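Since this is a predicted model, take the numbers as computed values, not measurements. Chain identifiers are assigned alphabetically (A, B, ...) following the order of the sequence lines, protein sequences preceding nucleic acid strands; residue numbering begins at 1 within each chain.
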Amino acid sequence: MRNAIDVRVLANRYAAQLQLCCPQNPSSFSLARTVHAHMIVSGFKPRGHLVNRLLDIYWKSSNLVYARQLFDEIPNPDAVARTTLITAYSNLGNLNMAREIFNGTPLNMRDTIFYNAMITGFSHNVDGHSAIGLFHAMRRSNFRPDDFTFTSVLSALALIVDNEQQCGQMHGAVVKSGTGLVSSVLNALLSVYVKCASSPLVSSSSLMASARKLFDEMPQRDELTWTTLITGYVRNDDLNGARELLDTMTEKLGVAWNAMISGYVHHGLFEDALTLFRKMRFLGVELDEFTYTSVISACANGGFFQLGKELHAYILKNELNPNHDFLLSVSNSLITLYWKYGKVDGARHIFYEMPVKDIVSWNAILSGYVNAGRMEEAKSFFAQMPEKNLLTWTVMISGLAQNGFGEEGLNLFNRMRLDGYEPCDYAFAGAITACSVLGSLENGRQLHAQLIHLGHDSSLSIGNAMISMYARCGVVEAARSVFLTMPFVDSVSWNAMIAALGQHGHGVKATELYEQMLKEGILPDRITFLTVLSACSHSGLVEEGRRYFNSMFENYGITPGEDHYARMIDLFCRAGKFSDAKNVIDSMPCKPGAPIWEALLAGCRIHGNMDLGVEAAEKLFELMPQHDGTYVLLSNMYANVGRWNDVARVRKLMRDRGVKKEPACSWTEVENKVHVFLVDDTVHPEVLSVYNYLEELSLEMKKAGYVPDTKYVLHDMESEHKEYALATHSERLAVGFGLMKLPPGATVRVFKNLRICGDCHNAFKFMSKVVRREIVVRDGKRFHHFKNGECSCGNYW
DNA sequence: GTAGGGTTAG
């Protein structure tokens, strides 16, 4: 048995040794283990602060197991040991263990610090309600909260606050407790006011006024104070309030400036962000990775590629803060900068040069490839990603859909859900887009039903995707009802709805909707004009189209792009106004490119304007000799007037030049001139005869117990535009009509512009069953094989 | 308290 003096000497020695251990230092753990082992060997039972020191070192070096072991060995751990363990468990997110120790501690052993540990644990683990509940329990048991208590409990309150009373009550409690002069408490209180202001249930302006009052009364303000209030204004969309506050700040606190710049970026005010950045540089406020990432993002989204590149060069040249975080986050934003301006390879270069990548880097480069339509590479990135998150899946799903891989997109969406992800709005929007490229009304409706069930159906991007899905699946009415029931709409929604009407031949309704959009104060963008011009073109509204085109720049300052000029040419050509079309080409500010000549050729084909058509085709051969579409259009043009020798000549030309694909007309399989126009959506002199066949066909379908997919065409057209309406539907009408004219047993290949939509699918199934024909339909790289009323799909080559 | 990666419309 040692005597008391020996024990004291030992204890002092151990304490001195453990004092040398710095818990953050990795080697401290082994030193502590050695000291601890020595204690055990020499039969020394650690107590009091020695135990607590060991516990502290163990958990801070991520060795909670040893801490727990020691804790269980000592006979009656004191409040400090218990507090240490509660903190340790909370930091690991293991609230149950922390709570167990907390509950197992008798009241007479507890103190304020003990309570603080548990409250902080709840707060850090985003359990605001438990933190507040414990705070009240603590006061009921007559423990006196201190400034630490309030700091924790206020940050817990900030997580859940949603009414003004909660702010007032807590504010009162702070004042009463005498902690109302402590900076950390006041900052946390300020944060509560600011968070409460963002709640939809309160008046943000009055809350922000209270926050401002508190701010003005604070005895001192640090970086956190300024940043909290500036962020508060930003979150409540009061950019001017935020800026006015920043302008009153005399200290050069970089974080507050960063918050302001990021506020501008998030509100789309990219120029303001850049101006502020310049001022920041001018005044010598310290720039860090937060500054640069926000500013580069402003360049990426605001059309400032040149400036972004200059920043990139500046960063490389000056080797600014080449620390890990700086390099990582700035490179991530640079990846996005480059691909947004079409420089995917530049983005890839940055990506591969990065010594360390994280999930953001991977998602950024994945988006780049998806956006460039380089899906094979995107798939390979997706497959080799070390980790994925919700965003990864979303990017990939919508990317597949956007690039025409509807089925894969939908499959991936299902896989994602099987993997346990709860899809966000964007993922749903992507899946809905997948349905619309697939033309799968059934899947689209299912998703719609699920969204209603989940209460997700009021989302803007989902609504927008749904409008276009219903339209592209042929159900304009459903598109309209989505549009009308959406709680919020934006210009995308209007564009989608205008397009829906235009696509279905309701040109007049489309232009009326456009006018209504203007009345409601929504500004049209370049896509609105593309949509409106298409609608006019498909419905023969030539003068209206001309007027809208002119108003583009005159009234809205939008410079027409080549695509707008191409629409005008389309508009005039469909109406047979070739001199107007030529005038458009002559009036163009830059050299007309392929889309222009393509539109002209397509127009010439409709009306059999051979000379002009050949001229356009020659231009196209010059510009893109390997583009099979030109050969297709040209041979269609000849086929339309029965010049079969010329058709053969074009085919030979194509073969001689080594162009791979076959012309997109089916006359080789079936010697049937009619079929040629059936595969695209142009006005054709013979189109009215389709109408008669349609009526026959729908009668036959009804007799066989099917609902004809053409019903809305027959009943829903505007009578004065009947033939145009039909023309826009000919993609679908083609199916029925073409097959009726075919000899039994023929194999049909429909090569071009045919979108296999849901109704179309049904019509094919019907035809293959009732008329007993085998049908192969090619849709891009996919084929759909219909036989005996069933369909199998696959890749064509 | 500040940052970087996404969506829908033609």
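Between the side chain of Tyr264(A) and the backbone N or O of Leu239(A), no donor-acceptor pair lies under 3.5 Å.
Because its NZ or CZ atom is both nearer than 6.0 Å to the ring centre of Phe405(A) and within 45° of the ring axis, Lys379(A) counts as a cation-pi partner of that residue.
As judged by a 4.0 angstrom heavy-atom cut-off over every strand, Trp339(A) is placed among residues touching the sugar-phosphate backbone only. Contact annotation for Asn187(A): no contact, since no heavy-atom pair falls under 4.0 Å across all strands. Nucleic acid contact for His564(A): none, since no nucleic acid atom lies under 4.0 Å from a heavy atom of the residue. Across all strands, Lys195(A) comes closer than 4.0 Å only to sugar-phosphate atoms, never to a base (heavy-atom distances). Among the atoms of the strands shown, only primed sugar atoms or phosphate atoms (P, OP1, OP2) are found under 4.0 Å from some heavy atom of Ser333(A). Residue-level contact check: Ile467(A) touches neither bases nor backbone, having no heavy atom under 4.0 Å from any strand. Ser262(A) comes within contact range of the sugar-phosphate backbone alone, with a heavy-atom separation under 4.0 Å but no base atom that close. Nucleic acid contact class of Thr528(A) (heavy atoms, under 4.0 Å, all strands): none. Using a 4.0 Å heavy-atom cutoff across all strands shown, Leu328(A) reaches at least one base atom of the nucleic acid. When heavy atoms are screened at a 4.0 angstrom cut-off, Val255(A) is found touching base atoms of the nucleic acid. Asn389(A) comes within 4.0 angstrom of a base, heavy atoms only.
Tyr426(A) does not qualify as a stacking partner of the dT7(B) base, lacking a centre-to-centre distance under 5.5 Å together with planes within 30°.
Salt bridge Asp345(A)/Arg374(A): present, at least one basic N to carboxylate O contact under 4.0 Å. Between Asp419(A) and Arg415(A) there is no salt bridge, since none of the side-chain N atoms of the basic residue sits less than 4.0 Å from a carboxylate O of the acidic one.
Rounded to a whole Å, the CD1 atom of Ile365(A) is 11 Å from the P atom of dG6(B).
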